[in-house]
Amino acid sequence: MQLSVPIAAGAKEKSLETADFESVVREHQRRIYRFLFATLRDSDAASTLTQECFLRAFKNWNSFRGDSSTVTWLTKIAVNLARDHRRDRKLTFWRQLFRPESEEDVATVAEAAVEPRANPERAVIAKDQASVVWDVVNELPTQQREIFILRFAEEMSIAEIAEAMSLQEGTVKTHLFRALASVRKMAALESKSR
Amino acid sequence: MDKTLEHLNDDQWQAWLAKDFEDATDAHLSSCAECRQEGVRLRSLLAGFQNVVQDEAAREEAFWTRQRASIVERAMQKRTAINFAKALPFVAALALLVFAVELPKQSVNPPQTTQSNDDKDEALLRQIQGDAYREVPSALAPAGLVTEERERAIKFKKK
């Protein structure tokens, strides 16, 4: 997936006009929402944090130096928001009590993936794959989970992920390899159990 | 990578899946049916994950339009608040400056309304005093005549 840079580095205006800002939102809102949704598995939270992400970007637009692309910068904000949200969510135990992150969520997601436009065979395969991968991803440590999603759901490059997460590329690879090892292990167990 | 290796090891699989691999890995995959099958299965697994995320995160255009409008509206409100916050010190400084300039003037020249009232009081007092001075001699005229008569009588006796 080609990453676009709507406002070129160095050529960025200091003051962000409404029309410019709206075009930035239009171009990136789906991607930011998707990342937050994949990370949090909560559409309401993803929607709220997507708005918050752009508002933070708007507020700090003048401090954005343009060293990285706009989408990488926005992803960086989204990663921090998702972490804050998960941290807050851990404190609200009652919420987990009534809405546990379990196979139920995975099943919901998998059911949603079965759409009329998909053929039945693909739908069944997608459901199985989703169940396995989302289960594993959900159990991964925070950084591994975020890196896995950015790599395989958003198709960001290692360099872009490193930039967005303020990590060395080598560290990103290490996390990614570990995450992949977990997914492979679970996938192997899954296929053997059939 | 050595093509004579039986199969890809874990690290090579991870690297291949992360699309961070050497050409030799591809070479092995093209020659090893078992690894190729495993590669297809793993890639399919990851593609399925991506499809599910994308399908589940898909929303109607109205959702994105509403969200965008909300973001822009809140951003503009924030900008207004920020501008007001930025302008507030200047307004306060201006008000302080005006106050500082006007205050000495008021202390040197007492308020006009108070001055006017004092003048009226002063004029009224003078009028009363004037009237009193004018009235007293005429009121005391008989006493003056008595005094004059008495003085005249004393002079007459002396003579």
Side-chain angles (χ1 to χ4, degrees), chain A residues 16 18 21-22 25-26 29-31 33-38 41 43 46-47 50-55 57-59 108-110 112-115 118 122 125-134 137 148-149 151-155 157-158 173 176-181 183-184 187-188 190-191, chain B residues 7-22 25 29 34-35 37-86:
Chain A
L16 185 63
T18 308
F21 179 61
E22 192 169 354
V25 176
R26 187 193 305 274
Q29 67 182 141
R30 289 171 175 78
R31 190 190 183 106
Y33 174 83
R34 193 168 55 228
F35 165 72
L36 288 165
F37 176 77
R41 290 193 182 180
S43 57
S47 182
T50 299
Q51 293 195 30
E52 193 58 36
C53 177
F54 283 100
L55 288 172
F58 181 81
K59 189 181 173 187
T108 307
V109 169
V114 182
E115 293 185 355
R122 187 195 162 203
I125 293 168
K127 186 177 177 179
D128 289 347
Q129 288 170 337
S131 297
V132 173
V133 178
W134 276 56
V137 169
F148 186 90
I149 290 169
R151 184 72 191 92
F152 294 109
E154 298 305 319
E155 295 191 343
S157 70
I158 301 289
K173 282 183 189 174
L176 188 59
F177 283 15
R178 285 179 186 160
L180 280 167
V183 170
R184 277 190 66 216
E190 176 74 11
S191 62
Chain B
H7 295 298
L8 295 178
N9 62 33
D10 283 348
D11 287 344
Q12 287 162 341
W13 274 122
Q14 264 79 273
W16 183 74
L17 288 171
K19 297 177 184 173
D20 180 36
F21 56 93
E22 298 168 355
T25 305
L29 285 169
E34 199 175 332
C35 282
Q37 193 178 356
E38 174 67 359
V40 169
R41 192 180 73 83
L42 290 171
R43 281 271 166 90
S44 166
L45 194 70
L46 295 176
F49 169 72
Q50 186 184 38
N51 286 336
V52 168
V53 170
Q54 288 184 349
D55 287 348
E56 181 64 12
R59 295 286 179 274
E60 290 179 354
E61 190 56 38
F63 171 87
W64 304 116
T65 306
R66 268 198 313 276
Q67 187 184 65
R68 194 160 54 243
S70 175
I71 292 168
V72 172
E73 185 185 347
R74 289 176 63 190
M76 291 310 117
Q77 284 172 356
K78 195 166 267 193
R79 172 180 276 182
T80 306
I82 290 169
N83 287 343
F84 180 73
K86 280 180 182 172

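Sequence lines set the chain letters: A, B, ... in the order given, protein chains first and strands last, and positions in each chain run from 1.
For B:L42, the part sitting under 4.5 Å from any heavy atom of chain A is the side chain, from C-beta outward, and nothing else. Both the backbone and the side chain of A:F152 come within contact range of chain B, each with at least one heavy atom under 4.5 Å from a heavy atom of that chain. If you measure heavy-atom distances from A:R26 to chain B, the contacts under 4.5 Å come from both the backbone and the side chain.
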Step by step, work out the side-chain contact (heavy atoms from CB on, under 4.5 Å) result for A:R30 and B:Q67. CA-CA 10 Å; A:R30 289 171 175 78; B:Q67 187 184 65; over 6 Å; no

I would like to know whether B:D10 and A:R184 meet side-chain contact (heavy atoms from CB on, under 4.5 Å); could you show each step before the answer? CA-CA 9 Å; B:D10 283 348; A:R184 277 190 66 216; 3.2 Å; yes

Test A:S43 against B:R59 for side-chain contact (heavy atoms from CB on, under 4.5 Å), laying out the working first. CA-CA 10 Å; A:S43 57; B:R59 295 286 179 274; 3.3 Å; yes

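One N or O on the side chain of A:Q29 and one on the backbone of B:W64 form a donor-acceptor pair closer than 3.5 Å.
Interface remark: of the candidates A:F54, A:Y33, A:F148, A:Y33 forms the most heavy-atom pairs closer than 4.5 Å to chain B.
Pairing each heavy atom of A:R34 with each of B:A57, the nearest pair is CG-CB, 3.6 Å. Smallest separation of non-hydrogen atoms from B:I71 and A:L55: O-CD2, 3.7 Å. What you find for A:F58 and B:A75 is that their closest heavy atoms are CE2-O, 3.3 Å. The two residues B:F49 and A:A153 come nearest to each other via the heavy atoms CE2-CB, 4.1 Å.
With sequence neighbours left out, B:D11 forms a salt bridge (charged side-chain N to carboxylate O under 4.0 Å, His left out) with no residue at all.
Side-chain atoms of B:Q50 and A:E155, non-hydrogen and from C-beta on, do get closer than 4.5 Å to each other.
Heavy-atom neighbours of B:E60 CD from other residues, nucleotides or ligands within 6.0 Å: at or below the threshold of 12.
Atoms CD and CZ, on A:Q51 and B:R68 in that order, are 12.0 Å from each other to the nearest 0.5 Å. The structure places CZ of A:F177 at 10.5 Å from CD of B:Q12, a figure rounded to the nearest 0.5 Å.
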